[in-house]
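Heads up, the thing below is written out as structure tokens.
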Amino acid sequence: PQRAPLPFKVWELPEVLLFQIVSFVAGPTERATVVCHHLAPLCKISNTCLLQNELSPLWSAILKNDYGAKLNERADKRSSKRLKQSHLQRVRDAHKRIRDDAELAYFYLTELTNSGGLTR
């Protein structure tokens, strides 16, 4: 059976609605993965709309809700234009930090259990 075409394109939805859909599909800290690895590769237009628009409200919502970052936390500090990051770059950095912290926690937990330091 042939699928009927969708009456709309996902990447053309308002960012607030797209964030709600992605929130339903994926949990916190996994929303960026859904956008980057499932929605953006659909076609060239979706890639451009979702990944090239780094100041999109979608990325600011992901940054705020998934990583607890304040959107204007750097506004009070003076910094060069070269050091300023978009919301998408800040989501990438926050996701890498969480992944690295989780890997460290697993490593130390494994070391602790293997050394017999953790008892029941």
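Fair warning: this is a prediction, and the values are worked out from it, not measured in the lab.
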Worksheet entry | Partner residues of Arg92 under the salt bridge (Lys or Arg N to Asp or Glu O under 4.0 Å) criterion, sequence neighbours left out | none

Taking the side chain as C-beta and beyond, is there a heavy-atom pair between [X] and [Y] under 4.5 Å?
X: Glu103; Y: Phe107; result: no
X: Ile62; Y: Trp59; result: yes
X: His38; Y: Val25; result: no

Worksheet entry | Exercise: identify the closest heavy-atom pair between Cys36 and Pro41 | O-CD, 3.4 Å

Worksheet item: Out of Leu17, Val16, Val91, Leu50, which one pairs with Leu58 under the side chain to side chain contact (heavy atoms under 4.5 Å, CB included) rule?
Response: Leu50

Worksheet item: Measuring from Lys96:NZ to Ile98:CD1, what's the distance to the nearest 0.5 Å?
Response: 13.5 Å

Worksheet entry | Leu109 side, atom CG; Asn114 side, atom CG - distance, nearest 0.5 Å | 9.5 Å

Practice prompt. Assess whether atom CD1 of Ile45 is packed by more than 12 heavy atoms of other residues, nucleotides or ligands within 6.0 Å.
Written response: no

Worksheet entry | Contacts of type side chain to side chain contact (heavy atoms under 4.5 Å, CB included), residue Glu30, not counting sequence neighbours | Ala26, Thr33

